[in-house]
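Chain naming here is simple, since letters A, B, ... match the order of the sequence lines and numbering starts at 1 in each. Note that these values count all heavy atoms, side chains included, but never hydrogens, waters or copies made by symmetry.
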There are 2 protein chains.
Amino acid sequence: MESQDLKKAGLKATLPRLKILKFLEASQVRHMSAEDVYKAMLENGDEVGLATIYRVLTQFEAAGLVTRHHFDEGHSMFELNQGSHHDHILCVKCGRVDEFMDPVIEEQQHKIAEAKGYEMTDHALYIYGICPNCRKSGKK
Amino acid sequence: MESQDLKKAGLKATLPRLKILKFLEASQVRHMSAEDVYKAMLENGDEVGLATIYRVLTQFEAAGLVTRHHFDEGHSMFELNQGSHHDHILCVKCGRVDEFMDPVIEEQQHKIAEAKGYEMTDHALYIYGICPNCRKSGKK
DNA sequence: GTTGGAAATGCGAAACTCTATCATTTCACT
DNA sequence: AGTGAAATGATAGAGTTTCGCATTTCCAAC
Ligand SMILES: [Zn+2]
Ligand SMILES: [Zn+2]
Ligand SMILES: [Zn+2]
Ligand SMILES: [Zn+2]
């Protein structure tokens, strides 16, 4: 029962919030913009106002249900928090997104923050490149 | 003579481009938005249209003269390419920006890209935290 | 040094993503 | 069911960046 998840997160269990949460859980695509969610839900017959999508995703982020990424400038990408923390490697040709987690990098980041006197709160790491498929097909 | 630098970069040596390049070289602040550049140049008495600032900075980026960063969502930050490659650690309270370069992380990134079958073209790493000054003054 | 044409600039309008406003609806609790 | 607080939807607006086009500037050939 997803309404329990929302209550636990301190959010009233409204129909739009339930629909959005269900949609994210059912989606095959793990990383989506607000607009992506809006359009995909429309096609599913679940119409929720775009402003509400933005509001709810921001609330989900604050509640720790989703994570916001900035793969490229222009728009935020959202991802339901299911697995554990990971970073992303992105194809600059086709937009494919893969995930990875590197304990060495994670640890180095903390060391760097410490060396600079910072109290680290977050980090973002994006590797850009050409994915295996695009390399094969020689897209330009 | 900066006009040689522009010619070498494949750009016609126009007055606005020369002014912008000189300004970037003279600026104490290393990371600036297009709007920052526009306003600072205005105060210097060097008026260049905002659209031109955007165009020229984008051309400078393509020519390898500057690097574009996405410290936070909303607007691009530009930095003149002078030293060597580095990444950034940012204060979430005051906006301070520090730089670092970690050979271990750099190498791990290549390994990850290789393991995933990607041909790596670029990467972005931002560490967010609270800087030494803000920790001391206990800003919230 | 003029001149001609390609390229760059400046201005305003427009695109794009996201947020604010506010009347209306929905939710949670008696 | 009734009540008040909170959420939603539609639209307007804000902030950043790009576009379109008339005018100006650059540069190389005369
Ligand atoms: Zn690809
Ligand atoms: Zn992910
Ligand atoms: Zn600070
Ligand atoms: Zn820098």
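Note: A:Leu11 CG to A:Asp5 CG = 11.0 Å, rounded to the nearest 0.5 Å. In this structure, CG in A:Leu21 is found 6.5 Å from CG in A:Leu65, a value given to the nearest 0.5 Å. A distance of 10.0 Å separates OG1 in B:Thr121 from CD1 in A:Ile127, rounded to the nearest 0.5 Å. Atom NZ of A:Lys39 sits about 14.5 Å away from atom CG of A:Asn44, to the nearest 0.5 Å.
B:Arg55 and B:Thr58 share no side-chain donor-acceptor pair at under 3.5 Å. Inspection of the B:Ser3 and B:Arg17 side chains reveals no N or O donor paired with an N or O acceptor under 3.5 Å.
Heavy atoms from other residues, nucleotides or ligands lying under 6.0 Å from CD of A:Glu114 number 12 at most.
If you measure from atom CG of B:Leu6 to atom P of C:dA7, you get 17 Å, rounded to the nearest angstrom. What separates CG of A:Asp36 from C1' of C:dC18 is a distance of 15 Å, to the nearest Å. Following rounding to the nearest Å, A:Lys39 (NZ) and C:dC16 (C1') show an atom-to-atom distance of 11 Å. Put simply, OH on B:Tyr54 is 16 Å from P on C:dC11, counting in whole angstrom units. If you measure from atom CG of A:Leu50 to atom C1' of C:dC18, you get 9 Å, rounded to the nearest angstrom. Per the geometry, CG belonging to B:Leu18 stands 13 Å off C1' belonging to C:dA8, to the nearest Å.
The pair A:Glu107-A:Lys111 meets the salt-bridge criterion, since a charged nitrogen lies less than 4.0 angstrom from a carboxylate oxygen.
Phosphate contact (OP1/OP2 of C:dC18, side-chain N/O of A:Ser76, threshold under 4.0 Å): present.
Residues passing the side chain to side chain contact (heavy atoms under 4.5 Å, CB included) test with B:Ala40 are B:Phe23, sequence neighbours excluded.
For the segment residues 60-74 of chain A, the set of residues with a heavy atom within less than 4.0 Å of an atom of DNA chain C comprises A:Gly74, in numerical order.
The outermost nucleotides of DNA chain D lying under 4.0 Å from heavy atoms of chain B, listed 5' to 3', are D:dT16 to D:dC27.
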Q.
salt bridge (charged side-chain N to carboxylate O under 4.0 Å, His left out) for A:Arg68 and A:Glu79? Distances and angles first, verdict last.
A. CA-CA 7 Å; A:Arg68 180 193 302 258; A:Glu79 167 175 25; over 6 Å; no
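A donor-acceptor pair under 3.5 Å links the side-chain atoms of B:Ser137 to the main chain of B:Asn133, judged by distance alone. Remark: side-chain polar atoms of B:Asp102 are not paired, donor with acceptor, to backbone N or O of A:Gln108 under 3.5 angstrom.
Each ring pair (Phe, Tyr, Trp, His ring centres under 6.0 Å) pair with one or both residues in residues 87-108 of chain A, not counting sequence neighbours, appears once here: A:His31-A:His88, A:His69-A:His88, A:Phe71-A:His88, A:His86-A:His88.
Comparing B:Gly49 and A:Glu35 against DNA chain C, the residue whose closest nucleotide sits nearer the 5' end is B:Gly49.
Note on the helix from C:dG1-D:dC30 to C:dT30-D:dA1: terminal axis deviation equals 30°, with five pairs used at each end and the result rounded to 10°.
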Once base and sugar-phosphate atoms are separated, protein heavy atoms under 4.0 Å mark nucleotides 20-30 of chain C, 5' to 3', with B, S and - as BB-----BS--
